[in-house]
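All figures in this text were calculated on a predicted structure; none of them were measured in a lab.
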Amino acid sequence: MPTEQYHEPPDELAPEVRTFARMCTSLIEEAEAINWYAQRLAIERDSAAAAIMRDAQNEEFKHFSMDLEYLLRATPAWREVARRILFQPGDIIEHGEEGEAAVEGGGDEADPAPRPFARDTPSLGIGSLRGRSR
């Protein structure tokens, strides 16, 4: 099934790489949905409609965050860069440079050659969700 999420022939990609591509696409779609709701909320005058849209946008925040966490757990180098940037006070650009340097220099837990879903990466922890009620 052809799709724009692949830049290489899908049948030549390992299943874990195809999963990674699907999760990246999902992350993009969630970000787009957050943006669409932000635009709708900016002009909506009906408070009941706005409340429903705000609730829907909050769901998109959750989905985006879950997608991002999944991808970060699957890619140690990306996680290392993100760890140095996200939720840090101060200059975002400086933190970005520090994160990049850590990965390029092999600092901390950075994987010098990012490999999505490498066999030697820690568990994604998804199994811990089993048995939880919604």
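- Once rounded to the nearest 0.5 Å, the distance linking CZ of R22 with CG of D67 reads 12.5 Å.
- How far CD of E80 is from CG of L72: 11.0 Å, rounded to the nearest 0.5 Å.
- Judged by distance alone, the side chain of S65 and the main-chain N or O of F61 form a donor-acceptor pair under 3.5 Å.
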Extract all donor-acceptor atom pairs below 3.5 Å that involve side chains of residues 43-53 and protein atoms in other chains or at least two apart in sequence.
residue : atom : partner : partner atom : Å
E44     : OE2  : D46     : N            : 2.9
D46     : OD1  : A48     : N            : 3.0
D46     : OD1  : A49     : N            : 2.8

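- Judged as a salt bridge (Lys or Arg N to Asp or Glu O under 4.0 Å), not a single pair has a partner in residues 30-42 (not counting sequence neighbours).
- Of the inter-residue distances, the one linking I34 atom CD1 with F64 atom CZ reads 6.0 Å to the nearest 0.5 angstrom.
- V81 approaches G99 most closely through the heavy-atom pair CG2-O, 3.5 Å.
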T19 and Y70: CA distance, side-chain angles, deciding distance, side-chain contact (heavy atoms from CB on, under 4.5 Å) verdict:
CA-CA 11 Å; T19 295; Y70 185 89; 3.8 Å; yes
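- With sequence neighbours excluded, no residue forms a side-chain hydrogen bond (donor to acceptor under 3.5 Å, both in side chains) with N58.
- Atom CE of M23 sits about 14.5 Å away from atom CD of E16, to the nearest 0.5 Å.
- Distance CZ/R83 to CZ/R79: 9.5 Å, rounded to 0.5 Å.
- Residue pairs that meet the salt bridge (Lys or Arg N to Asp or Glu O under 4.0 Å) test with at least one member in residues 51-66, sequence neighbours left out, are E59-K62.
- For P9, the side-chain contact (heavy atoms from CB on, under 4.5 Å) partners at least two apart in sequence or on another chain are D11, E12.
- Residues forming a side-chain hydrogen bond (donor to acceptor under 3.5 Å, both in side chains) with E8 (at least two apart in sequence, or on another chain): none.
- Scored by the side-chain contact (heavy atoms from CB on, under 4.5 Å) test, A56 finds Y37 as partners (sequence neighbours excluded).
- Partners of T25 according to the side-chain hydrogen bond (donor to acceptor under 3.5 Å, both in side chains) rule, which considers only residues two or more places apart in sequence or in another chain, are Q5.
- In this structure, Q88 CD and L86 CG are separated by 8.0 Å, a value rounded to the nearest 0.5 Å.
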Donor-acceptor contacts under 3.5 Å from residues 91-98 side chains, at least two apart:
residue : atom : partner : partner atom : Å
D91     : OD1  : I93     : N            : 2.9
D91     : OD1  : E94     : N            : 2.7
H95     : ND1  : E98     : OE1          : 3.4
H95     : NE2  : P89     : O            : 2.6

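- Contact record, A77 with V103: O-CG2, 3.5 Å, taken as the closest heavy-atom pair.
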